[in-house]
Structure formats: structure tokens, C-alpha cells
Amino acid sequence: MEVIKLVNIWYKYPGANDYALKNINLVFEDSKIYFINGPNGAGKTTLLLIIAGLIEPVRGEVIFRGKPLKQQLPIARRYFGLLFQNPEHMLFNPTVYDEIAYVLRQLNSDEEEIRERVHETIKCLGLEKTILNKYTYMLSYGEKKLVALAAILSYEPDILLLDEPFTNLSLKYLDKIKKIISNYKSNGKTVIVAGHEQEFQHEEIDEIILLENGEVIDHIVYSGS
Ligand SMILES: Nc1ncnc2c1ncn2[C@@H]1O[C@H](COP(=O)(O)OP(=O)(O)OP(=O)(O)O)[C@@H](O)[C@H]1O
């Protein structure tokens, strides 16, 4: 079932000469994993920001569950979870526990429920409980990435948007994240991953969208998905 539809999307950063996205038309469905591939500067991050409603297209429309996304903001934000390329841009709470609990607290869950969710989430990522009391600024880059991801997974968004999630992570965590992604798909959710490399095997994903210079230059839909 269609979850997000991008209709004739154009985007130009303020002051930029060229469009970062040009005439993008794509449909994202539930229970599917999408891989946005393309070289540096192709427009992958910009596309994720548009989908999440964090920037508005200069032309075109993002349709979320059949209606324009912009009419559903800010409430619709709780359905999106965007992992930024640089985790430094996401961590703003003093401790790891507070960081992972942050959105749950915004959603008015009770503290006992929050504690359970926080512990479940770090277990699912294979992180030690001791990390919860650490200060986020003291973590390694890879740990920051995992904590930023945990903070998103804790509120179980319906659409998971991951910008280069595998860079600077050891193999152990890479496998964990792949498992989480595939569980997300099994639970009927949508996962959109941006990356440079061909980080997935074909059997792990449903569609590859190749971007170059702000345009979709190839779109591969694997059969049987
Ligand atoms: N804040 C900004 N202001 C002006 N131009 C920008 C800004 N952010 C990105 N751009 C430009 O928009 C284009 C698309 O950038 P984007 O970050 O979406 O590409 P990307 O495919 O994610 O690249 P990378 O793989 O290097 O992260 C690039 O030409 C980039 O220079």
C-alpha cells in the first residue's frame, strides 16, 4: 500500500545556483526496503529531508497516506524517524538514557513504560546497559550513531529514513542494523536507506533508486517483492 508519494518534486537550497532535486516522482509503499544510491552531492540527503517534511519543495507535493504532508505537520512527524548522516547533529541530551527517552517523553508515555522501551531498544541494538549512564559527548562516533538510531527506534516510527547508517560501524553492528531493517519490513513498515556503496545484497531490498545530479537516473524494482 502506498505510504508516501513524491509528485514532481523540485528543490533548491536558498542561495544555490542549481536545483538539488529535479522533477522527482516516486512512490514508497509499506513493508518495503528502499535503497537510495548515488555519488556525493547527488541529492540523497535532500530527498530524505523532503520525505520527512523537514524542508519544503519549491515545486511539487509530498503526499503522505493520501493527503499533502504539509497539511499534516507537525503531528505527522511522529511517524517519521530520520537518522542523520552525522550523529553529532542529533544528540542534544546530556546522557544516553535521556537521549533515547526524549521523544517518548514528548509523546507522554509514563516513566516505567519509557524505561522498558529504552532497555528493549538498546538490547535490540546489542548495546550494553552501562552505556545508558554515559554522557553523549563522550561517546565514540560509532556509538553516537547507534545511540541516535536507538533514540529513533524507541518510538517505533512507521517510516525509517537512514542516511548512510553503516559508515564508521563495525561489522557486528552492521548486521544488527540490517536485522532491525528487515524486522521493520516484516512489521509492515517502510525503510528508506541512503548510501554510496552497494551496501545491500539484492535479496535484502525491494527497490534501488539511483540519483545523480538531483535526478533519478535509474530505478530497479526487484521481482517477487
Ligand atoms: N545547506 C545547503 N545549502 C546549499 N546547498 C546545499 C546545502 N546542502 C546541500 N547542498 C547541495 O545540494 C546538493 C545535494 O546535496 P545532498 O547533501 O542532498 O547530496 P548527497 O547525495 O546526500 O551527498 P553525500 O553523499 O555527499 O552526502 C549538493 O550539490 C550540495 O552541495
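Scope of the values below: all heavy atoms of this structure, side chains included, with no hydrogens, waters or symmetry mates. As the structure lists them, so they are numbered: ligands from 1, and atoms in each ligand from 1. Remember, it's a predicted structure, so these values are computed and weren't measured experimentally.
- Of the protein's non-hydrogen atoms, the one nearest atom 19 (O) of ligand 1 is Gly43 N, 3.2 Å.
- Checking side-chain atoms of Tyr155 against main-chain N and O of Phe80 turns up a donor-acceptor pair under 3.5 Å.
- Of the polar atoms of Ala42, at least one N or O is found under 3.5 Å from an N or O of ligand 1, judged by distance alone.
- At the top of the distance list for atom 4 (C) of ligand 1, counting protein heavy atoms only, stands Tyr13 CB, 3.3 Å.
- In this structure, the protein non-hydrogen atom closest to atom 29 (O) of ligand 1 is Gly41 O, 3.9 Å.
- What you find for Gln85 and Pro87 is that their closest heavy atoms are O-CD, 3.5 Å.
- In terms of protein heavy-atom proximity, atom 17 (O) of ligand 1 is nearest to Thr45 CB, 3.7 Å.
- Within ligand 1, the atoms closer than 4.0 Å to a non-hydrogen atom of His196 are 25 (O), numbered from 1 in the order shown.
- Taking every non-hydrogen atom of Glu164 and a distance limit under 4.0 Å, the qualifying atoms of ligand 1 come out as 25 (O), 27 (O).
- Under a 4.0 Å heavy-atom criterion, Pro39 is in contact with ligand 1.
- Atom 26 (O) of ligand 1 has its closest protein heavy atom at Asn40 ND2, 2.8 Å.
- Screening Leu73, Asp158, Ile159 against Phe64 for a side chain to side chain contact (heavy atoms under 4.5 Å, CB included) leaves a single residue, Ile159.
- Residues Ala194 and Asp163 come closest through the heavy atom pair CB-OD1, 3.7 Å.
- The only option from Thr121, Leu146, Ile100 that meets the side chain to side chain contact (heavy atoms under 4.5 Å, CB included) definition with Leu127 turns out to be Leu146.
- The aromatic rings of Tyr34 and Phe28 sit perpendicular, their planes meeting at an angle over 60°, well past the 30° parallel limit.
- In terms of heavy atoms, Asn37 sits closest to Ile208 at CB-CG2, 4.2 Å.
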Verdict with reasoning, Phe92 to Tyr102, per ring-ring contact (aromatic ring centres under 6.0 Å, His included): CA-CA 10 Å; Phe92 53 92; Tyr102 181 78; 4.9 Å; yes
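- Against a heavy-atom cut-off of under 4.0 Å, Gln85 is close to the following atoms of ligand 1: 27 (O).
- At least one protein heavy atom sits closer than 4.0 Å to atom 1 (N) of ligand 1.
- In this structure, Gly38 has no heavy atom closer than 4.0 Å to ligand 1.
- Nearest non-hydrogen protein atom to atom 16 (P) of ligand 1 is Thr46 OG1, 3.6 Å.
- Contact atoms of ligand 1 toward Ala20: 12 (O), 13 (C) (distance under 4.0 Å to a heavy atom of the residue).
- When only non-hydrogen protein atoms are considered, atom 25 (O) of ligand 1 lies nearest to Lys44 NZ, 2.7 Å.
- Of all the heavy atoms in Glu164 and Gly195, the pair that sits closest is CG-CA, 4.1 Å.
- When distances from atom 6 (C) of ligand 1 to the protein are checked, a heavy atom turns up under 4.0 Å.
- Judged by distance alone, the side chains of Thr95 and Asp98 do bring a donor and an acceptor atom under 3.5 Å apart.
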